[in-house]
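Notes for the one structure printed next.
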Amino acid sequence: MRKIYILFFIPLLFCFSQKTKSAEPVKSGFDFASRQLKVALTGIEAAKKTTAANKVMPRTLNKDGGIQMVSIGDWISGFFPGELWYMYEYTHDESWKIQAEKFTEKLESLQFFTGDHDIGFRMYCSYGNGYRLTGNEKYKEILLQSAKSLVKRYNPQTGLIRSWDSNKDKWQYPVIIDNMMNLELLFWASKVSGDPSYYNVAVSHADKTIENHFRENGSSYHVVDYDTITGKVRSKCTAQGYADESAWARGQAWGAYGYTLCYRETKNPDYLKKAEEIISFIFSNPHLPKDLIPYWDYDAPGIPDEPHDVSAATITASALYELALYNPNKAKQYRKWADTILESLSKNYRATAGGDGGFILLHSTGHKLANSEVDVPIVYADYYYLEALLRKQQLSGKR
Ligand code: GLY
């Protein structure tokens, strides 16, 4: 009898400990994030007293340790509301929802903004998560208008959405790899409105980017400039990487995430192949550290004495958890890499509890060559960290 009892309980205990083990980083990550984001909310109130009234979103830490606030026009303005939505999604606590709504609704006027491609980032991370979690009809209308604004930047001659209007002396029609992320808003808009034109623009952009943005080794250029008359490539270069021919770490992460979401929405195997090629470039790169948190550029000349980019790691981890759903042969490996990233982050890259302006993770790099935001906490690293934790939880089916 005793033997049977033990035989019954050993597998049960094993099962329980496995589930607890896989849930632990998620719980610990969200507990820490909850404490930090409360600090951030207080810090934002304090910062408002000393900054211009239009600076309403936290971006990073200033050198003096204060929160750097930016206006809604900044490309990062959707990430803080998005973090608050992820807190609500994990905790189901109404107080996070109230804060998420408050910060999301500051962006309402951006639905008509056509000045750059980042409208997808701004609106889908904020209103997109809000609509997904609440079904608020007003959010749906705002998102549809945002998609209309984004497609105004599409030119059938190039078959792409134009990223930036800046540097007109240098570029005619610059498209950056980051732009892949904005396609998610368009896929969503087609499904919700029934209008295939958004889908067609997204697919055209993804196809043209496959054609022109990638190198033989799987890495991508940051910027590809097109001729607006012929639609042909004029030049390939970088804006934030170390060199035109180098592999800027965050750019590789945007590409991997972007093609993963394109595969989810279309089931086109070319997109899955592209996402996996980028992942293979990243994880076979000799300059990727053992803890899987990359330096800011895979070809940065001073490695290992170069700053890391935690944001590249969190974007990649989130992409990997989704990619694991699409290739059963590689799922285990993809999840293992993503798990290692999350473990490394919680062990060695966390902000000071109760400090650092309430940011969650340190050691991201925004724009190294411009000496801007080097080795700092940054809001988009935290956003994709929370998203990765949620995706991990969904994969394990257990909080
Ligand atoms: N999309 C701008 C950046 O990644 O810095």
Side-chain angles (χ1 to χ4, degrees), residues 57-61 68 70-80 82-83 107 110 113 115-126 128 150 153 160-167 171 174-185 205 209 213 219-225 237-243 246-261 278 282 293-298 300 307-319 359 361 363-385 387-388:
M57 291 294 175
R59 178 176 167 125
T60 180
L61 268 191
Q68 186 189 108
V70 294
S71 72
I72 60 169
D74 192 300
W75 79 275
I76 62 89
S77 61
F79 294 118
F80 189 69
E83 282 186 71
L107 305 183
L110 287 179
F113 180 75
D116 63 42
H117 67 151
D118 288 321
I119 187 89
F121 274 116
R122 295 183 188 96
M123 301 310 258
Y124 203 72
C125 299
S126 55
L150 179 55
R153 298 186 63 81
L160 291 137
I161 295 162
R162 180 184 182 135
S163 295
W164 296 327
D165 295 344
S166 57
N167 288 296
W171 297 319
V175 177
I176 64 173
I177 189 67
D178 324 25
N179 204 339
M180 290 301 301
M181 302 295 285
N182 294 307
L183 306 184
E184 197 164 13
L185 173 66
H205 187 98
T209 301
H213 245 91
S219 72
S220 72
Y221 287 90
H222 184 200
V223 187
V224 176
D225 185 35
C237 60
T238 196
Q240 280 160 270
Y242 165 64
S246 76
W248 175 50
R250 195 159 58 257
Q252 312 316 305
W254 291 141
Y257 190 119
Y259 280 101
T260 303
L261 82 85
I278 304 168
I282 293 173
I293 312 299
Y295 299 101
W296 69 282
D297 191 301
Y298 291 98
H308 290 267
D309 182 13
V310 156
S311 74
T314 61
I315 298 158
T316 305
S318 188
F359 287 92
L361 300 170
H363 307 305
S364 286
T365 296
H367 194 341
K368 170 75 165 55
L369 288 192
N371 198 21
S372 165
E373 299 177 333
V374 179
D375 196 12
V376 292
I378 207 150
V379 67
Y380 44 89
D382 291 355
Y383 172 87
Y384 288 101
Y385 175 60
E387 185 182 86

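When a ligand or atom number is given, it counts from 1 through the structure's own listing order.
No hydrogens or angles considered: a donor-acceptor pair under 3.5 Å links the side chains of Ser318 and Glu387.
Within the 4.0 Å heavy-atom criterion, the part of Gln240 lying near ligand 1 is the side chain and not the backbone.
The nearest protein atom to atom 5 (O) of ligand 1, hydrogens excluded, is given as Arg250 NH2, 2.6 Å; this is a heavy-atom distance.
Checked by distance only, ligand 1 and Asp118 stay at 3.5 Å or farther apart across all their nitrogen or oxygen atoms. Inclusion of Asp178 in the set of residues having an N or O under 3.5 Å from an N or O of ligand 1 is warranted.
The aromatic rings of Trp254 and Tyr380 sit tilted relative to each other, their planes meeting at an angle between 30° and 60°.
Using a distance-only test at 3.5 Å, with no hydrogens or angles considered, no donor-acceptor pair links the side chain of His363 to the main chain of Pro377.
For the pair Ser77 and Leu110, the minimum side-chain heavy-atom distance is below 4.5 Å.
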